[in-house]
Amino acid sequence: MSVSGVGYLAGAGLSSTPLTFFGTASSRRRPAAVVAVNLERKLNSWSASAATTTVTPMVGVAVNQDDNHINGKAVISGAIEVEQEVQRSWRDYFELAKLFIGSDGGGCRGPPRWFSPLEGGSRIDNSPLLLYLPGLDGLGCGLVLQQQKLGKIFDVWCLHIPVKDRTPFQELVMLVEETVRSEYGRSPGRPIYLVGESMGGCLALAVAARNPDTDLVLILANPATCYNKSHLQSLLPLLEVIPNELSLISLPYTLSLMTGGPFNLISSSVGKGIEQQATLEQLSQGLGELSSYFSVLADILPRDTLLWKLQMMKSACSYANSRLHAVKAQILILASGRDPLLPSLEEAERIRASLPKQEIYVLKNSGKMSKCEIRKFNDSGHFLFLEDGVDLVTIIKGTSLYRRGKFHDYVYDYLPPTKAEFKKTAESFRWLEIATGPVMLSTLENGDIVRGLAGIPSEGPVIYVGYHMILGLEIYPLVMNFMSKRNILMRGLAHPMIFAKVQEDALDLSMFDSYRIMGAVPVSASNFYKLLSSGSHILLYPGGMREALHKKGEGYQLFWPERSEFVRMAARFGAKIIPFGAVGEDDICEILLDSEDQMKIPYLRETIEKRTTQIQLRTDMEGEVANQPAYLPGLLPKLPGRFYFLFGKPIDTAGMKQELSDREKAHEVYLQAKSEVERCISYLKEKREKDPYRSLAARTLYHTIHGSADDAPTFEL
């Protein structure tokens with residue numbers, strides 16, 4: 001209720017004092033209010049079994065040395081704020097649900113209202129608004145595992161629909177629509193995010209269809225637009241005849257909503273190779289914990305409420321589907337493969353096919369991406385956001401969906417990886433690290449070559465220019481070692497192909513999500529300028545895709561443009577240029593089918609030509625580097641050898657802005673850098689012949705004796 005503009009959630013324990021509404025009030029029959037709810041304070045008061053509190057450095061990169069780097073720029077040690085992070089699970093959803101249901105606001109007949117969790121702490125500047133639209137439960141607690149991280153980059157409002165509220169779907173649409181219009185009027189330059197789960201997905205689509213001129217970004221998690229194909233339909237006639245005394249009939253269906261809980265544990269655990277006995281023990285423990293929440297489940301969806309919600313879901317499905325043609329918003333659909341209620345994977349594809357054909361340019365004349373992207377979670381259930389392994393902020397980063405203006409800026413809108421994100425990415429490519437055993441060498445100012453990265457400067461801007469191995473196999477060992485050993489985040493200038501979806505191309509963009517999380521940027525002069533101006537550490541391959549997709553017999557050849565592309569820009573910001581060589585691709589694989597071979601096969605030729613013409617770079621150039629055919633080479637794997645990296649002595653352009661404005665002098669520096677890359681490659685090819693641990697077998701034996709923590713030795717320097 002509200003008294004003189006002051007809101008209360010009495011009895012829930014969320015607040016014992018009045019809380020001021022800060023949202024806009026509707027002039028309609030059912031006013032919408034936004035109330036700030038300090039969930040952090042209350043959640044931290046629960047027992048240890050409900051929420052475990054740990055102190056973790058919430059930083060943009062891994063922290064284990066004296067100097068830290070965010071966005072590739074050095075940050076003074078100690079300047080990073082250490083915040084309290086609460087580790088949550090699906091159990092916290094029930095605890096929070098009890099608080100809401102036990103309050104006047106949770107158990108009354110309405111009206112629906114907005115609340116804002118305040119546990120996120122301070123937000124970044126110009127954070128966009130995120131409106132969470134809940135699913136069948138309606139409580140608005142579905143982001144309890146996500147809201148701490150979301151609160152750092154968004155202004156999060158959650159829609160709460162009390163259990164006994166009977167607001168029709170179209171009135172909910174108008175309620176959300178009024179909030180969207182009001183808030184967009186306050187900040188017309190920033191987008192508004194609508195995160196709709198299940199039935200909330202229908203609500204988000206309906207609002208977007210009615211407001212095509214508003215800049216909206218929709219994130220739909222298993223949207224209920226396929227209710228007509230749902231098993232829930234069979235429950236509706238049964239509920240209509242079941243008396244209230246038997247309302248617990250709804251429990252099995254409610255339980256199936258709890259993804260990440262014990263009912264999904266056994267299938268996922270078996271898939272991960274957990275021993276059957278351990279699996280059964282965890283399942284038994286989970287069932288015991290869940291049984292204590294049976295009464296909460298019954299309170300969330302009593303018979304009358306469940307009946308009303310299912311009837312409303314039916315109308316919501318029809319309403320949203322009839323208006324898909326009018327939706328112009330940018331959309332990300334998250335689809336679960338083990339959704340027991342909805343055919344979510346199939347529905348995601350259907351929605352995308354039903355939407356207007358719209359695209360967004362990644363860069364001018366160099367590739368477009370669909371306005372509707374899909375990410376699939378094959379082992380997940382219906383309530384995606386309550387699963388331990390699902391991180392909505394990481395998903396947003398990986399899809400380049402975060403923006404604070406009309407368009408996504410790959411430099412200024414970039415959110416550096418957290419420690420957990422870096423660890424997860426590193427683990428996913430751990431096999432490559434083991435297989436290649438990378439050796440990192442750098443050059444000190446006096447010219448001495450040392451093992452490790454001691455010769456790498458901490459302060460940016462720094463430009464690393466080097467040789468691109470086949471398929472860019474060297475990128476992950478390179479980026480991961482810089483992050484783990486020097487806390488330097490390298491921002492790689494990458495081909496737009498990893499950001500843009502080519503029409504009718506089988507290439508799945510989700511395979512490049514980790515590239516974006518780790519800082520990849522579409523290559524362009526403007527992005528290069530922004531990275532330099534922000535003091536970043538920039539990874540640049542002048543040979544580009546021509547080197548990464550080279551032909552048979554072209555290994556370790558440089559295909560650089562005739563004219564310098566980066567030297568004068570580097571001088572403008574006084575950047576250091578570090579040439580480097582990378583060797584080892586010939587110890588990993590052999591090219592069987594290159595571009596010339598594939599162009600002789602009609603089907604492959606058609607695919608290559610279509611992909612190449614739709615994503616174009618360097619069209620103003622001639623020769624080898626001019627618009628390289630976009631193809632995937634056929635490779636024959638070998639028993640892995642070893643990767644070697646040598647970073648030459650930095651070329652410092654500080655104070656040379658005037659001198660290097662002369663094209664001839666800039667070209668001299670360009671040729672110097674190219675020559676140094678070739679020297680590094682020659683040095684490594686010669687020295688690796690004397691490495692007793694070049695083979696995987698030798699390194700495996702070494703690690704068996706000495707442990708896996710130590711790097712295997714290499715040749716003498």
Side-chain angles (χ1 to χ4, degrees), residues 132-138 142 161 168-170 172-173 176 194-210 216 218-239 250 252-259 263-264 301 306-357 370-387 390 395 510:
Y132 171 64
L133 310 177
L136 198 63
D137 66 312
I161 305 173
F169 179 75
Q170 293 192 32
L172 289 177
V173 172
V176 176
L194 301 181
V195 178
E197 192 170 18
S198 187
M199 188 167 63
C202 297
L203 186 54
L205 286 168
V207 172
R210 290 165 57 97
L216 297 175
L218 273 55
I219 302 175
L220 311 178
N222 300 321
T225 46
C226 55
Y227 173 78
N228 56 340
K229 301 178 183 178
S230 171
H231 298 303
L232 289 172
Q233 282 194 113
S234 60
L235 182 60
L236 189 57
L238 186 62
L239 285 174
S250 66
Y253 293 87
T254 307
L255 291 176
S256 66
L257 295 174
M258 296 308 303
T259 62
F263 287 95
N264 282 333
L301 290 174
L306 182 57
L307 180 60
W308 167 262
K309 292 291 180 67
L310 292 178
Q311 291 170 338
M312 184 164 63
M313 184 180 288
K314 183 178 180 180
S315 64
C317 173
S318 176
Y319 189 98
N321 280 319
S322 66
R323 291 164 173 79
L324 286 178
H325 65 278
V327 177
K328 295 183 179 180
Q330 187 177 1
I331 300 176
L332 173 64
I333 304 177
L334 311 179
S336 297
R338 294 187 178 182
D339 189 338
L341 300 181
L342 304 169
S344 294
L345 291 178
E346 175 187 336
E347 180 63 9
E349 298 290 351
R350 187 197 70 84
I351 291 175
R352 179 161 63 179
S354 302
L355 291 168
K357 302 301 180 186
S370 171
K371 258 198 167 184
C372 180
E373 288 290 317
I374 297 173
R375 290 298 181 268
K376 299 176 181 179
F377 301 82
N378 293 324
D379 295 327
S380 296
H382 187 69
F383 265 11
L384 194 61
F385 298 143
L386 291 183
E387 296 201 8
V390 176
I395 294 169
S510 64

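A pairwise comparison of heavy atoms in L220 and A204 identifies CD2-CB, 3.9 Å as the closest pair. Nearest heavy-atom pair across F377 and I395 is CZ-CD1, 3.5 Å. Of all heavy-atom pairs between L386 and G142, the closest is CD2-O, 3.8 Å. Closest approach of G201 and P223 over heavy atoms only: CA-CB, 4.3 Å. Across every non-hydrogen atom of L324 and L355, the tightest pair is O-CD2, 3.6 Å. The shortest non-hydrogen separation linking A208 to L216 is CA-CD1, 3.7 Å.
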- Message: Please evaluate residues L310 and Y227 with respect to the criterion side-chain contact (heavy atoms from CB on, under 4.5 Å), reporting the C-alpha separation (whole Å), side-chain torsions for both, the decisive distance (0.1 Å), and the verdict.
- Response: CA-CA 9 Å; L310 292 178; Y227 173 78; 4.3 Å; yes
- Message: Between L345 and N378, does the side-chain contact (heavy atoms from CB on, under 4.5 Å) criterion hold? Intermediate values first, please.
- Response: CA-CA 8 Å; L345 291 178; N378 293 324; 3.9 Å; yes
- Show the numbers, then the answer: is there a side-chain contact (heavy atoms from CB on, under 4.5 Å) between L218 and V207? CA-CA 10 Å; L218 273 55; V207 172; over 6 Å; no
- Evaluate side-chain contact (heavy atoms from CB on, under 4.5 Å) for R352 paired with I374, printing each intermediate quantity in order. CA-CA 8 Å; R352 179 161 63 179; I374 297 173; 3.6 Å; yes
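H382 places a side-chain heavy atom less than 4.5 Å from the side chain of P340. Using a 4.5 Å heavy-atom threshold, the side chains of L172 and M312 count as touching. Within the 4.5 Å cutoff, no side-chain heavy atoms of D379 are placed close to those of E387.
Each of E373, K376, E197, R375 was checked for a side-chain contact (heavy atoms from CB on, under 4.5 Å) with L334, and the lone residue meeting it is R375.
Taken from SG in C226 to CG in D339, the straight-line distance is 7.5 Å, to the nearest 0.5 Å. Atom NZ of K371 sits about 14.0 Å away from atom CG of L332, to the nearest 0.5 Å. Residue D137 holds its CG atom at 9.0 Å from CD1 of I161, rounded to the nearest 0.5 Å. One finds the OG atom of S198 at 11.5 Å from the CG atom of L133 (value rounded to the nearest 0.5 Å). A distance of 8.0 Å separates CD1 of I351 from CD1 of I331, quoted to the nearest 0.5 Å. Taking SG from C202 and CG from N321, the interatomic distance works out to 7.0 Å, rounded to the nearest 0.5 Å.
A donor-acceptor distance shorter than 3.5 angstrom exists from the side chain of S230 to the backbone of L341, with no hydrogens or angles considered. No side-chain donor-acceptor contact under 3.5 Å links S344 to the backbone of A335. Looking at R323, its side chain does come within 3.5 Å of a backbone N or O of Y319 through a donor-acceptor pair. A donor-acceptor pair is defined here as one N or O able to donate and one able to accept, closer than 3.5 Å; no such pair exists between the side chain of E347 and the backbone of N222.
Within 6.0 Å of CD on Q170 lie no more than 12 heavy atoms contributed by other residues, nucleotides or ligands.
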